[in-house]
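Below: the structure, in structure tokens.
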Amino acid sequence: MPRITLPDGSVRSYPEPVSVFDIAHDIGPGLARAALAAEAGGILVDTSHILSDDTRLRIITERDAEGLEIIRHSCAHLLAQAVKQLFPAAQVTIGPVIEDGFYYDFAFERPFTPEDLERIEARMHELARQDLRISRSVMPRAEALGFFRAAGEEYKAQIIESIPAGESLSLYSQGDFTDLCRGPHVPSTGRIKAFKLTKVAGAYWRGDSKNEMLQRIYGTAWADKKALKEYLHRLEEAEKRDHRRIGRRLDLFHFQPEAPGMVFWHDHGWRVYREIENYVRGQLRRRGYQEVRTPQIIDRSLWEKSGHISKFGDVMFMTRSEERDFAIKPMNCPAHIQIFNQGLKSYRDLPFRMSEFGSCHRNEHSGALHGLLRVRGFTQDDAHIFCTEDQIQAEVAGLIDLVYEVYRDFGFTEVQVRLATRPVKRVGADELWDRAEAALRQALDGNKLDWTLNPGDGAFYGPKIDFSLKDSIGRVWQLGTIQLDFSMPGRLDASYVAADSSRRTPVMIHRAILGSLERFIGVLIEHHAGALPLWLAPVQVVALSLTEKQAGRADAVAETLKNQGVRAESDLRNETISLKIREHTMQRVPYLLVIGAREAEHSTVAVRTRDGVDLGAMSLDGLLERLSREIACRGRGILEG
RNA sequence: GCCGGGGUAGCUCAGUCGGUAGAGCAACGCAUUCGUAAUGCGUGGGUCGGGGGUUCGAUUCCCUUCCCCGGCACCA
């Protein structure tokens, strides 16, 4: 006689075991129609699930986050069913839910074509129309193994073999299709109402590049057609923010085949770059760093000693001259240790903070390159802090503070923080790794950061805290990093004289805030859709003459502003004011000054923002004051009109 | 690097079932002197990514190579 407790606290008793569906129906026919699954005693179950004991029950509908996930998961099964019907030789593997959708990996003799995708999607719609009942059954592991082997599903058999012996497995069937799955699933295929297949791609079996490549089909699924439409619209909008597109449109930079993965910065892009560099210099000055500059090309022997060649060598560019092998530096740390090693250092010199806008080159795989976000030649806002173990907590706390201050100045508030621990390929004793990882954990918790663990993703010389931001279409890019290194200073003979006159090896903290200037600017462009905050805008103000008669005045206005340090230009072309406004607005110039006969006469300018707001006429002094206030705010907030 | 899709004018793209290409915008010229997101008219512009092959003839078909795009793997 189960007593069912609902989320509102009400209790319903039943004389005999009941299904989730029955309870939903008992509560109301509307809920029965909407029910997709349920959470019973903390476990997600199907609506067909029978409850025979007292249980806390929550019915899940498409309004719940879990509901949407279940729809997506069931949609992956629908995809697999359609593929099996159209291409019986294809083998199913896995089909998980991902952000905004799902994918399913198939083993098939040939890649699926875009035309195949259309056929598959049409079949999915057909199967959804048939509203096939989705039923769950349980099978002992051995029997399930036999079932999938008999069906020729070798990959499924492999998956089952990796599940501990003796466990029972659940299978889900819809029409002619049965898949191994933990569930839960929607009650019938008709509940999958809004979906679209988006792309095909190759993907390695079990994510290992040594394994065979499977055919992955991606799709998106939503509770209703409206949500699907909104999602597709969102994708289109995100595409418009693509930094590669904006970079070309705003004449910021370009790439060309002769230098793959390396940026040609144009005048306007380089203005942004320099502005950011200067900003970082200001931070370094305030926080007690020295700035250095080290060679691009350094003899191979140093990289062997540092451990880079063996752990990192396959992405290093090498060059040869007069019988000597050189590496084009992929990192700055060994070079910074060389500077540290000049002259005897005392414990009084620590913490010793050394920074460099370090130009690095890494021979990334061609397939990994991606605009400014993944390049082969880049500049890190790099620094290394040499300190004692006792100083680690204070230094890392200072860095965390710095990271957040800088990100806020650039207008970023959503930052993902991850702790990456020891990788397989590494240098240094496990005992050192234990201490380093513990120190970073302590710093994260001590500074009350919300962080996640990223096991095995540390640098080869030490664990790290990574800071990431999302790009316009949800891809996450790592920017800043704080890395603790107990190994490299020793390998490269760094030492200091301690208070007791003994020689000690310093600990080294590697850190970058923006990461690479290139990547950072890429993310920045996408974040602002090209409309960079005033302090970063390549051109901040353009003075527009209405007719030839105001040319002199417009020029003088631009000149005055330039003398005040504003990046100002004039547009004296014999064109309509509408055209000039249109063009400069599309170039995302923050302020446009219209100068006609009225303004010339009263020594004012009519100010218009790139958002189309008309601020009316004001004096140059008034404008300058507004500009300097806004620049001082950086990316933290936008002034009121 | 792997799988797939691409590369045609400065940009965005169409096209050629093999007979050396077209639009819009941009550029240039002329007219227009204008009040807040496109004034009008006219003109020029392409070794159809590179190399090789098949062919009377290749931008089109085949091979190869480079680069780009989407994933995968990688990402200190």
Side-chain angles (χ1 to χ4, degrees), chain A residues 103 105 110-114 116-117 198-218 239 242 244-245 248-249 251 254-261 306-308 311-316 330-333 360 362-371 373-375 380 420 423 425-427 457-462 464 466 473 475 477-478 481 483 485 488 510 512 515 519 544-551 573-587 592-599 606-616:
Chain A
Y103 66 78
D105 285 347
R110 65 169 177 83
F112 294 113
T113 63
D116 291 336
L117 226 57
T198 49
K199 54 200 170 194
V200 271
Y204 299 108
W205 166 235
R206 295 196 151 153
D208 188 333
S209 59
K210 287 193 276 295
N211 289 342
E212 59 273 34
M213 189 160 264
L214 306 173
Q215 304 304 322
R216 175 172 297 178
I217 298 177
Y218 283 92
E239 229 172 277
D242 191 312
R244 293 164 297 192
R245 187 182 168 132
R248 188 165 39 237
R249 201 164 56 77
D251 196 16
H254 86 272
F255 290 90
Q256 66 184 55
E258 287 80 359
S306 70
H308 283 82
K311 298 293 183 295
F312 202 65
D314 42 335
V315 297
M316 288 169 67
M331 292 190 204
N332 308 299
C333 31
C360 295
R362 298 178 188 176
N363 197 359
E364 303 285 356
H365 288 159
S366 55
L369 301 179
H370 183 94
L373 302 185
R374 191 79 182 270
V375 286
Q380 292 178 313
K425 274 173 95 177
R426 61 176 184 262
V427 296
D457 201 40
F460 73 79
Y461 44 74
K464 54 180 186 158
D466 285 331
I473 51 175
R475 284 179 290 215
W477 297 93
Q478 185 195 311
T481 186
Q483 309 174 350
D485 183 354
M488 208 183 295
H510 308 239
R519 174 178 292 178
L544 315 174
S545 58
L546 191 63
T547 74
E548 230 165 50
K549 294 189 190 73
Q550 292 88 38
R573 290 176 304 163
N574 174 21
E575 297 288 355
T576 59
I577 200 69
S578 291
L579 182 93
K580 293 185 190 183
I581 286 171
R582 178 182 152 81
E583 288 188 353
H584 297 293
T585 301
M586 288 198 305
Q587 285 295 310
L592 301 181
L593 314 180
V594 176
I595 297 164
R598 286 202 296 275
E599 289 77 16
V607 184
R608 181 190 159 107
T609 72
R610 62 186 161 196
D611 305 313
V613 178
D614 186 352
L615 299 178

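Within every chain, numbering begins at 1; the chains are lettered A, B, ... in the order of the sequence lines, protein sequences first and strands thereafter.
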Table of protein N/O atoms under 3.5 Å from nucleotides 43-46 of chain B N/O atoms:
none

* Rounded distance (Å) that lies between atom P of B/C34 and atom CZ of A/R573 -> 18 Å
* Structure fact -> Whole-Å distance, A/R216 CZ to B/G71 C1', equals 8 Å
* Just do the side-chain contact (heavy atoms from CB on, under 4.5 Å) check on A/R573 and A/E583 with the steps written out, would you? => CA-CA 12 Å; A/R573 290 176 304 163; A/E583 288 188 353; 2.8 Å; yes
* Separation of B/C74 P from A/E364 CD (nearest whole Å) -> 13 Å
* To do: Give a yes/no answer on whether the side chain of A/S209 brings an N or O atom under 4.0 Å of OP1 or OP2 in B/C72.
  => no
* To do: Could you say whether A/E599 or A/F255 is positioned toward the 5' end of RNA chain B, judged by the nucleotide with the nearest heavy atom to each?
  => A/E599
* Toward the 5' end of RNA chain B, which comes first, A/G367 or A/E258, by nearest nucleotide? -> A/G367
* **Distance, rounded to the nearest Å, where A/L373 contributes CG and B/C68 contributes P** => 14 Å
* **Non-neighbouring partners of A/D208 that pass side chain to side chain contact (heavy atoms under 4.5 Å, CB included), sequence neighbours left out** => A/K210, A/N211
* Asked: Side chains of A/S545 and A/E548: is there a donor and an acceptor less than 3.5 Å apart?
  -> no
Review item, nucleotides 9-17 of chain B N/O atoms under 3.5 Å of protein N/O:
from	atom 1	to	atom 2	distance (Å)
B/U12	OP1	A/R248	NH2	2.9

* To do: Please name all residues satisfying ring-ring contact (aromatic ring centres under 6.0 Å, His included) with A/Y204, sequence neighbours left out, ordered by chain then number.
  => none
* **Pairing pattern in dot-bracket form [Watson-Crick, G-U; both distances under 3.5 Å; | = partner strand] for RNA chain B** => (((((((..((((.....[..)))).(((((.......))))).....(((((..]....))))))))))))....
* Using the test ring-ring contact (aromatic ring centres under 6.0 Å, His included), find all partners of A/H365 that sit at least two apart in sequence or belong to another chain. => none
* Asked: B/C34 C1' sits how many Å from A/L544 CG, rounded?
  -> 13 Å
